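Report on the structure given below.
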Amino acid sequence: MSDTKKIFLLDAYALIYRAYYAFIRAPRINSKKLNTSAIYGFTNALLEVLQKEKPSHLAVAFDPAGPTFRHKMYEPYKAQREATPEDIKLAVPYIKRLLEALNIPILEVSGYEADDVIGTISLKAERAGFEVFMMTPDKDYAQLVSDNIKMFKPRSRSGGVDVLGVAEVQEKFAVEKPEQVIDILALMGDASDNIPGCPGIGEKGARDIIKQYKNIPGIYEHINEFKGKRKENLIEFKEQVELSYTLATICREVPIEFNEDDLQVSEADSDKLMPLLEELEFKSLMARFGYESTPVVTAAPAQGDLFTQPQIEQAPVFASSLKTINDTAHAYYLVDNDQAYASLAADLSVQKAYCFDTETTGLDTATAELVGISFSWKKGEAYYVPFPDDRKQAEALVQRFKRVLEEEEIVKIGQNLKYDIQILKNYGVHVKGKIFDTMVAHHLALPGQRNNMDFMAEVHLGYSPIKLESLIGKKGKNQQTLREVDMALAKEYAAEDADITLQLKDFLMSKLKEAGLEELFYKTEMPLLLVLADMEATGVKLDVDELKNFAGKLHQRIEALEKEIFNMAGMEFNIASPKQVGEVLFDHMKIDAKAKKTKSGQYSTGEEVLTKLKGKHEIIDKILDFRGLRKLLNTYVEALPLLVNPKTGRIHTTYNQAMVVTGRLSSTNPNLQNIPIRDEDGREIRKAFIASNEDHLFLSADYSQVELRIMAHLSRDSHMVEAFAKGEDIHAATAAKIFKVDLSDVSDDMRRKAKTANFGIIYGISAFGLAERLNVSRTEAKELIDGYFENFPDVKAYMDKSIEVARDKGYVETIFGRRRNLPDINSRNGVVRGMAERNAINAPIQGTAADIIKMAMVNIQHELRKEGLQSKMILQVHDELNFDVLKSELERVKEIVKTGMENACKLSVPLAVEMGVGSNWHQAH
DNA sequence: TAATTCACG
DNA sequence: ACGTACGTGAATTAC
């Protein structure tokens, strides 16, 4: 434990409200009809802090009854706030009694709110050399943050916290100094406190303005740089903004003493505590306080002498006596000296298989550093090797395990191994040999179920592992890293992960076997995992200048559009806000008398709705254009350059192999599977995805109509199979059939309709959906569908069969056995059932396509490697693969790719691949 | 946090 | 009578 003084200051009401509403759907009521949600939630949060944060000092600040100095300044202050719920009023005395029993001081100063008290104490404590944590969900506190004063912000759902220090506040509010948070609040206002702010300025606007002008006075010094409505508002509401500034400022000069000793954490007074908990009927909390834990004693293994033995923890105030859920005997060893390293490596080298798990400082493989590696090859026994912070030393230590990690003959087991493999690659270790990834295995064996490790351990092993969050705090930009965590705790956590993962592997192996998924898993998914690791590491080069240039053009066009739109509307508004667009269009301009409203009572202003209104007013087109361009700018043009890795100069996406229910991959951070292509403006972005240098070219290869071909194969529909066999234009061929004309007489309109119908078929068609997309009557759509099924009767038969299979087995399968569970298939709710039926039709098709391209990827990568080619596979977009090809290798690579894709599997129709080459993605298409 | 919108296959 | 084509991820607004 560190010797720094650490004080926690809790904002009582803010936490009480939060606790109360957290249970609002299922309130905790005891036998005396007392709603104890707030008391329980608050107490729990308090105990969490005492246990996990181990503060040396702690106090709880309450808002006093009656008005504060702010009410004197501004009457409506907090006026519109609803009255405190009765349940909370009743809860407060209990909470105060509880605090008393815990010997925790209550701070309450008449005329000042809790935030003022905390603001004042935090300042005094900081001066007295404390590390201060203000525990509150209220973002206003961000203004108080300094080097030694941090916000400790509980997350609303599922526990965990965000710790906001200076860096986090700077990032979250886009400010240089935390004080500027006040300026932002003054502009945007705060509805819950009834701080008015400036009309027309919201969160984003306020941030942008303060970023540029630093503070409120700065705005008014440069007021002429503002234009239009915003300028008017800023001038008109100047006084209001200034008042808001004062209201939002937390007072740090509250007349209150700071007596360190009074706030020291001390033993609870159990004579007061126990009867109170009894009265409240908090059995679980009583158990937590009353339980005298005895440590699990485990036998040391033969070589145990070398390893640091499991430590029994100290017994501090409350935390020590908490009962653990799992009593499973286990032995986890710390491996932290030369002899132990050697011994562990030697033990590993004689295993057929072992499980390993890396612990790092983050989730981003580009920046995360190794903190430790855990190993396990026997249930209940695991080893944790902590790594030094120093990079050089860490690299040296990893060398000790390089040989066992690169040993071809040993199977490596892990959860999300792609990550561990990439981390190790950064440290010069190239994991080899067969792998078994429990996350991917689970996704295959039990599709649709959550596949994070904690969940799997609970459901399948009945075991509740230590949560990482409980050690490092929950997501937030600056949660702690495992490095800061006590090594004994880190060891328990990390070793347990390896132990559990190993146990999950046994369970999942038998599940895979039962479901007949071994081949898909071992021959496709596991090799694919390695392919994806390579693709992610390679990345794709981005031409940042090209995007900068494009951004400039877009900005100009957006501004021009904005002017036009405001002119047409006769008023200014936020065009990006669906709500405001709805109001302007339908209330102000009365463009459509009977506009649709969504469930939440808003006008619907989606693309569909607006497109239908196109003829009614020019403004519609302008709004659609505006939205399109802003989307482009915000989501791609300005976002992508920020994700270029400075070390490689490339974009490295992350593929998730265990996310999509149908078996497809998904891509995040950034998503490179939804880069625009459909319209001209968007397509420009693809020009920025370039080959790695002048010696390379961008090669793009995509399957032509792969899903329809799979439908043809699955249904064995002779007409469809024949059309594909002849290499006909499938949509035209479909049109010829359903419109009963010669292939040569198919008009563009007929082809378009047939194409839409073909897509509909894949999705599990409905007359309504088809009518909607074709913009024809439902009767016409129905006729089209009937015509389709008449001409392709086997397609209809296949669809019916799929649904029948689903009803019968509860799941459907791809050609290669990948399953999708459909529990809703027998639902009495027609809508829900209809959805499941369409899934029954679509999943085998989409899933088979996913299986096929995965097999192709594995084959292609294998071939590229085998021939020692330098060209690299860099992107996968569902039915498309992209490569960075060395010019001299182009012809050979094209051959490998084409064969690899076309021969990925044998169907009753040929698989066709189209390829293109250029200096960038755009050209290659 | 949920809903809305829109980018892709 | 109801709500309606399959599968995703990201940004934003508004609650």
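Note that these values count all heavy atoms, side chains included, but never hydrogens, waters or copies made by symmetry. Here the structure is a predicted model, which is why all the values come from computation and not from measurement. Each chain gets a letter, A, B and so on, in the order the sequences are listed, and its residues count up from 1.
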(message) If you apply the rule side chain to side chain contact (heavy atoms under 4.5 Å, CB included), what do you find for A:Thr662 with A:Thr814, and how did you get there?
(response) CA-CA 9 Å; A:Thr662 54; A:Thr814 68; over 6 Å; no
(message) Between A:Glu546 and A:Arg686, does the salt bridge (Lys or Arg N to Asp or Glu O under 4.0 Å) criterion hold? Intermediate values first, please.
(response) CA-CA 10 Å; A:Glu546 167 83 32; A:Arg686 293 188 173 228; over 6 Å; no
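To the nearest angstrom, P of C:dG9 lies 18 Å from CD1 of A:Ile651. Residue A:Ile761 contributes atom CD1, which lies 20 Å from atom P of C:dT4 at whole-angstrom precision. A straight line from CD1 of A:Ile710 to C1' of C:dC6 spans 13 Å, rounded to a whole angstrom. If you take CZ of A:Arg630 and C1' of B:dA7, they are 15 Å apart, rounded to a whole angstrom. Atom CG in A:Leu554 sits roughly 13 Å away from atom P in B:dA7 (whole-Å rounding). Between the P atom of B:dT5 and the CG atom of A:Leu624 lies a distance of 12 Å, rounded to the nearest Å. Rounded to whole Å, the distance from CE on A:Met835 to C1' on C:dG7 is 10 Å. What separates CD of A:Glu707 from P of C:dG7 is a distance of 12 Å, to the nearest Å.
Of the charged side-chain nitrogens involved, at least one lies within less than 4.0 Å of a carboxylate oxygen, so that A:Arg751 and A:Asp729 count as a salt-bridged pair. A salt bridge does not link A:Glu562 to A:Lys622: none of the charged nitrogens lies less than 4.0 Å from a carboxylate oxygen. Under 4.0 Å is where a charged nitrogen must lie from a carboxylate oxygen, and between A:Glu837 and A:Arg807 at least one such pair does.
At a threshold of 4.0 angstrom between heavy atoms, the contacts of A:Thr653 with the nucleic acid are absent. If you check every strand for non-hydrogen atoms under 4.0 Å, A:Ile762 touches nothing. A:Ile675 comes within 4.0 angstrom of the backbone, heavy atoms only, and of no base.
The salt bridge (charged side-chain N to carboxylate O under 4.0 Å, His left out) check on A:Lys753 picks up A:Asp749, A:Glu780, with sequence neighbours excluded. Here A:Asp702 pairs with nothing under the salt bridge (charged side-chain N to carboxylate O under 4.0 Å, His left out) rule; sequence neighbours left out. For the side-chain hydrogen bond (donor to acceptor under 3.5 Å, both in side chains) test, residues two or more places apart in sequence or in another chain that qualify with A:Glu880 are A:Ser700, A:Asn882, A:Trp921, A:His925. Partners of A:Asp824 by side-chain hydrogen bond (donor to acceptor under 3.5 Å, both in side chains), not counting sequence neighbours: none found. Qualifying salt bridge (charged side-chain N to carboxylate O under 4.0 Å, His left out) partners for A:Lys796, counting only residues two or more places apart in sequence or in other chains: A:Asp800. Legend: residues meeting salt bridge (charged side-chain N to carboxylate O under 4.0 Å, His left out) with A:Glu902, ordered by chain and number and at least two apart, are A:Lys898. Looking at residues two or more places apart in sequence or on another chain, you find a side-chain hydrogen bond (donor to acceptor under 3.5 Å, both in side chains) between A:Gln923 and A:Ser919.
Legend: salt bridge (Lys or Arg N to Asp or Glu O under 4.0 Å) pairs involving residues 658-668 of chain A, not counting sequence neighbours, sorted by first then second residue: A:Arg664-A:Glu707.
The side chain of A:Leu770 sits closest to C:dA5 out of C:dA11, C:dC6, C:dA5. Here the side chain of A:Arg778 is nearest to one of C:dG7, C:dT4, C:dA5, namely C:dT4. For A:Ala639, the side-chain atoms get nearest to C:dA11 when compared with the rest of B:dC6, B:dG9, C:dA11.
For the pair A:Arg838 and C:dT4, the criterion of a side-chain N or O lying under 4.0 Å from OP1 or OP2 is not met. For C:dA5, neither phosphate oxygen OP1 nor OP2 lies less than 4.0 angstrom from any side-chain nitrogen or oxygen of A:Asn839. Between C:dA10 and A:Asn634, no contact under 4.0 Å exists linking OP1 or OP2 to a side-chain N or O.
One P atom belongs to B:dA3, the other to C:dG3, and the distance between them is 15 Å to the nearest Å. Rounded to whole Å, the C1' atom of C:dC2 lies 30 Å from the corresponding atom of B:dA7.
For B:dC8, its base never sits under 3.5 Å from the side chain of A:Gln673 at any donor and acceptor pair.
Contacts of residues 825-834 of chain A with DNA chain B (heavy atom under 4.0 Å): none. Residues from residues 655-671 of chain A placing a heavy atom under 4.0 Å of any atom in DNA chain B, listed by number, are A:Arg664. Near DNA chain B, meaning a heavy atom under 4.0 Å away, the residues from residues 676-689 of chain A are A:Pro676, A:Ile677, A:Arg678.
Between the side chains of A:Tyr788 and A:Asn758, a donor-acceptor pair is found at a separation under 3.5 Å.
A:His555 approaches A:Glu638 most closely through the heavy-atom pair NE2-OE2, 2.8 Å.
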(message) As a check on the pairing definition, encode DNA chain C in dot-bracket form, counting Watson-Crick and G-U wobble pairs whose two distances are under 3.5 Å, and using | for partners outside this strand.
(response) .....|||||||||.
